[in-house]
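To start, the structure under review is shown below, and the notes come after it.
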Amino acid sequence: MDKKLMAATAAAMVATGKGLLAADESSATVAKRFAGVNVENTEPNRRAYRDLLFTTPGIGDCISGVILFDETIRQNSLAGEAFPKLLERQGIIPGIKVDGGAKDLPAHPGETVTEGLDGLRGRLADYFKLGARFAKWRAVITIGKDMPSWGCVEANAHALARYSALCQEANIVPIVEPEVLIDGDHTIERCFEVSEATLRATFQACYSQRVSAEHMILKASMVISGKSCAAQAPEAQVAAMTVECLKRSVPAALPGVVFLSGGQSDEKSAMHLSLMNRNHGSDLPWPLTYSYSRALHQTALKAWSGRQENWAAAQSVFAHRARMCSLASRGEYDYDAEKKAA
Ligand code: 13P
């Protein structure tokens, strides 16, 4: 195990003022996103859209790493350069989503377990050769009546830990992502309880599988009211409860924690992260930053809408969101900054 390489990768992923771009949507998820803006889900269109994002001038100032999908890590840019090379040239680390998706968990209606461990050792070796220095595996935890079950939490924690150990063997930094979904009418207190149990189970499983805490990154969901909960917790409470939950359940040895946006608006996901860093940053053992997909590039996708003439406008929208997220990671984002910079 090359611990020096992994420590350097992890530190660079969460460097001050930077965060990750999640551009690892599977072709099926891209189909949904493209359908929303009337773009046909073809390989050339997916490649063009990723090119638009990765060639946006200046993104290396705000983006430390990009999570790629299997198809993308093997593709060339429109100018003919391999995407991983194009990113590296801008000081951006290529990463790769390696999970095989969330599949129905037998005997647990409504719950899933993430698959993809079979053959993973060989795939990781290939991805390393293609330039990937970190990986992502997303587990999905749903809050609902009698959910999550312990069986679901445990099965997902086990898979996350097995994946992490395989990544570290291949000198790839694992991002463990146990996402507690925002869907539902649950309270923020219920989200806290489920998030704490999920994180504790995940790190216990990582310990059992001898995963090195110093060489992994957590991708967490925020502790937040369910999307259809009538009483939405205020922003400062989301920040405070998320930080409290992490402090209870995440080893201090981790190099960093990144967040998913999970269906929050662009502004909310930036504000919540900013408040965590502004109000609690000095009191935390890890840097907190972003690893957003939708909250970083859904507005750019809309601005592009598959049309060549919108290319520059879409890149400027994307650069703006990246700058706003960068401010949030320093605790300097607020709605005035958003307006002034727009
Ligand atoms: P969102 O920011 O859109 O939630 O996506 C992040 C991600 O990578 C989910 O796995």
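On a predicted model such as this, the values are computed, not experimentally measured, just so you know. We count ligands from 1, going down the list as the structure has it; atoms in each ligand are counted the same way. Note that these values count all heavy atoms, side chains included, but never hydrogens, waters or copies made by symmetry.
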Counting from 1, what ligand 1 atoms have a heavy atom of [X] closer than 4.0 Å?
{"X": "A22", "value": "8 (O)"}
{"X": "K219", "value": "6 (C), 7 (C), 8 (O)"}
{"X": "G262", "value": "1 (P), 2 (O), 4 (O)"}
{"X": "Y292", "value": "2 (O)"}

### Query
For the side chain of E115 and the backbone of K103, is there at least one donor-acceptor N/O pair under 3.5 Å apart?
no
### Message
Taking side chain to side chain donor-acceptor pair (under 3.5 Å) as the criterion, tell me which of R50, E43, R47 meets it with Q75.
### Response
E43
Look at [atom] and say which protein heavy atom is nearest, naming residue and atom and giving the distance to 0.1 Å.
{"atom": "atom 5 (O) of ligand 1", "result": "S293 CB, 3.2 Å"}
{"atom": "atom 9 (C) of ligand 1", "result": "E177 OE2, 3.2 Å"}
{"atom": "atom 3 (O) of ligand 1", "result": "R294 NE, 2.6 Å"}
{"atom": "atom 10 (O) of ligand 1", "result": "K136 NZ, 2.6 Å"}
{"atom": "atom 2 (O) of ligand 1", "result": "S261 OG, 2.5 Å"}

### Message
Assigning hydrophobic clusters by single linkage (Ile, Leu, Val, Met, Phe, Trp, Tyr; side-chain heavy-atom cutoff under 4.5 Å), is L181 placed with F259?
### Response
no
### Query
Checking side-chain contact (heavy atoms from CB on, under 4.5 Å) against Q237, which of I188, V223, L275 comes through?
I188
### Message
I'd like to know whether R321 forms a salt bridge (Lys or Arg N to Asp or Glu O under 4.0 Å) with E338, so could you lay out the CA-CA distance, the side-chain angles of the two residues, the decisive distance to 0.1 Å, and finally the verdict.
### Response
CA-CA 9 Å; R321 284 266 47 88; E338 177 83 56; 2.9 Å; yes
